[in-house]
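The structure appears below as structure tokens.
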Amino acid sequence: RGKRAFIAGVADDQGFGWAIAKALSAAGAEILLGTWVPALNIFETSLRRGKFDESRVLPNGGMLEIAKVYALDAVFDTPEDVPEDIKNNKRYAGASNWTVQEVAEAVKADYGSIDILVHSLANGPEVTKPLLETSRKGYLAAISASTYSYVSLLKYFAPILNHGGASLSLTYLASERIIPGYGGGMSSAKAALESDTRVLAFEAGRKHGIRVNTISAGPLRSRAAKAIGFIDDMINYSTANAPLQQELKADDVGNTAAFLCSPLASAITGTVIYVDNGLHAMGLAV
Ligand code: NAD
């Protein structure tokens with residue numbers, strides 16, 4: 001049978017998660033999505049009304065088919081972790097069973113197992129603030145939503161990830177180089193994510209035979225990136241200074257994700273793979 005993938009962090013057709021879904025689908029995988037609870041309604045409505053039909057078209061002429069969309073808030077691991085104000089929030093009222101543990105249980109009940117787990121989500125409430133002006137609360141929120149969310153997903157999904165399966169996250173160069181403007185502890189969250197990639201590769205590799213990698217992506221005009229505020233400058237900077245002077249396409253990352261999750265990459269684990277037109281390798285911009 002073909003492989004089955006769960007992709008967390010898709011709420012429109014503009015980001016990396018969507019492109020990864022398309023590339024995996026084009027390679028024959030069955031696609032399950034995890035969509036942030038507050039964004040779920042509009043995403044499902046848009047899907048149903050055909051708003052994404054043009055971007056659902058695959059290179060082979062087929063269409064991206066989404067087997068099921070699960071409500072997910074990766075900041076909460078179990079129902080006991082959900083505070084009253086969230087439970088009573090009207091943006092959460094229509095959905096249920098959206099903590100990480102419950103979503104993993106639901107996927108198990110619906111499909112039994114998966115082969116591929118993708119984490120394509122991040123959130124930093126103080127991302128526009130310099131690190132020196134970031135509050136403890138904002139910093140910890142960035143780590144919780146952008147990094148621990150991955151540890152938690154892998155923890156709860158590992159038991160239903162088939163042996164030989166693959167797991168993937170998305171990171172950014174700000175983890176290892178100074179990117180002024182990528183604040184709020186988001187640079188710290190990405191550094192932790194890259195370190196966790198190595199430790200999780202060891203632990204999940206030994207225990208479950210699962211590979212764990214992360215893609216360090218160049219700048220893309222996604223919804224999340226637009227919220228940071230300087231995405232156009234980053235794209236212009238990359239186009240001017242990277243070895244390859246072309247704008248990064250979400251599909252560039254999607255295709256690499258499909259490779260990394262395929263048997264072609266069966267000996268690759270614990271790595272950071274750059275899909276950024278080579279920008280990370282520059283020392284002096286010319
Ligand atoms: P995006 O807006 O398409 O994806 C981010 C998703 O995270 C959204 O769908 C949002 O609803 C979801 N999300 C936020 N908080 C959540 C939570 N608590 N639970 C579940 N879902 C939640 O934007 P994107 O740029 O494609 O981001 C995907 C990944 O790529 C992120 O890890 C991001 O840091 C990384 N990345 C982006 C860029 C870029 O320039 N866009 C560059 C490098 C890395």
Side-chain angles (χ1 to χ4, degrees), residues 6-22 33-43 46 52 55 69-77 81-82 86 91-92 95 98-100 102-103 118-125 127 141-150 152-153 168-177 179 181-182 184-194 197 214-238 247-254 256-257 272-277 279-280:
F6 181 86
I7 305 168
V10 180
D12 59 39
D13 62 350
Q14 301 294 302
F16 288 128
W18 177 268
I20 292 169
K22 284 177 69 173
L33 300 182
T35 299
W36 196 29
V37 188
L40 181 69
N41 254 334
I42 178 146
F43 178 60
S46 303
F52 301 133
S55 45
V69 180
Y70 293 84
L72 170 71
D73 193 325
V75 158
F76 302 107
D77 305 314
D81 294 333
V82 182
I86 298 281
R91 296 168 83 195
Y92 284 75
W98 42 256
T99 65
V100 176
E102 292 169 292
V103 174
V118 178
H119 173 282
S120 182
L121 64 97
N123 202 4
V127 65
I143 295 271
S144 172
S146 312
T147 311
Y148 190 79
S149 56
Y150 183 55
S152 178
L153 274 167
L168 195 68
S169 67
L170 274 295
T171 186
Y172 182 46
L173 188 65
S175 60
E176 50 178 317
R177 297 280 183 267
I179 310 275
Y182 196 75
M186 279 305 299
S187 57
S188 330
K190 292 306 192 190
L193 182 66
E194 292 173 21
T197 299
T214 188
I215 293 177
S216 186
L220 174 79
R221 214 176 272 100
S222 66
R223 192 186 166 104
K226 281 193 273 189
I228 303 172
F230 65 104
I231 186 64
D232 290 318
D233 294 341
M234 295 311 296
I235 291 170
N236 292 338
Y237 183 90
S238 182
E247 191 167 327
L248 182 82
K249 299 185 297 297
D251 290 339
D252 295 326
V253 167
T256 303
V272 180
I273 305 271
Y274 296 90
V275 183
D276 67 345
N277 290 310
L279 185 65
H280 71 281

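As the structure is a computational prediction, the values presented were derived from the model and not from experiment. Just so you know, ligand 1 is whichever comes first in the structure, and atom 1 is the first atom listed for that ligand.
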Original post:
Taking the six-membered ring for Trp, are W18 and F43 parallel (under 30°), tilted (30 to 60°) or perpendicular (over 60°)?
Top reply: perpendicular
**OP:** Under 4.0 Å, heavy atoms only, figure out whether ligand 1 is touched by the backbone of R221, its side chain, both or neither.
**Re:**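 It is neither part, as no heavy atom is under 4.0 Å.
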Can you tell me the protein heavy atom closest to [atom] and the distance?
{"atom": "atom 35 (C) of ligand 1", "answer": "L170 CB, 3.7 Å"}
{"atom": "atom 18 (N) of ligand 1", "answer": "D73 OD1, 2.9 Å"}
{"atom": "atom 38 (C) of ligand 1", "answer": "F16 CE1, 3.5 Å"}
{"atom": "atom 23 (O) of ligand 1", "answer": "S222 OG, 3.1 Å"}
{"atom": "atom 44 (C) of ligand 1", "answer": "T171 O, 3.1 Å"}
{"atom": "atom 2 (O) of ligand 1", "answer": "A224 N, 3.1 Å"}
{"atom": "atom 41 (N) of ligand 1", "answer": "L220 O, 3.1 Å"}

With the side chain counted from C-beta on, respond yes when [X] and [Y] share a heavy-atom pair under 4.5 Å apart, and no when they do not.
{"X": "I20", "Y": "L170", "answer": "yes"}
{"X": "V275", "Y": "L248", "answer": "yes"}
{"X": "R91", "Y": "N41", "answer": "no"}
{"X": "I215", "Y": "L168", "answer": "yes"}

Can you tell me if [X] has a non-hydrogen atom under 4.0 Å from ligand 1?
{"X": "G218", "value": "yes"}
{"X": "L173", "value": "no"}
{"X": "A145", "value": "no"}

Is the backbone of [Y] close enough, under 3.5 Å, to the side chain of [X] for a donor and an acceptor to pair up by distance?
{"X": "S175", "Y": "S187", "answer": "no"}
{"X": "K22", "Y": "S55", "answer": "yes"}
{"X": "S238", "Y": "I235", "answer": "no"}
{"X": "T99", "Y": "F76", "answer": "no"}

Subject >> Crowding at CD1, I42 (>12 non-hydrogen neighbours, <6.0 Å) >> reply: no
Subject >> F230, CZ: over 12 other non-hydrogen atoms inside 6.0 angstrom >> reply: yes
Original post:
To the nearest 0.5 Å, what is the distance between CD (E194) and CG (L173)?
Top reply: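 One gets 8.5 Å once the value is rounded to the nearest 0.5 Å.
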For [atom], the option (of [options]) bearing the nearest heavy atom:
{"atom": "atom 43 (C) of ligand 1", "options": "S144, A227, A217, S216", "answer": "A217"}
{"atom": "atom 5 (C) of ligand 1", "options": "A74, S120, A71, G15", "answer": "S120"}
{"atom": "atom 21 (N) of ligand 1", "options": "Y172, W36, W18", "answer": "W36"}
{"atom": "atom 13 (N) of ligand 1", "options": "L72, V100, T35, L121", "answer": "L121"}
{"atom": "atom 14 (C) of ligand 1", "options": "G9, P219, A122", "answer": "A122"}

Original post:
For ligand 1, which atoms, with element, lie under 4.0 Å from some heavy atom of V75?
Top reply: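 Within the 4.0 Å cut-off of V75, ligand 1 contributes 18 (N).
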Original post:
Looking at I231, which atoms of ligand 1 are within less than 4.0 Å of one of its heavy atoms?
Top reply: 40 (O)
Original post:
Taking N or O atoms only and a 3.5 Å limit, does K190 qualify as a polar contact for ligand 1?
Top reply: yes
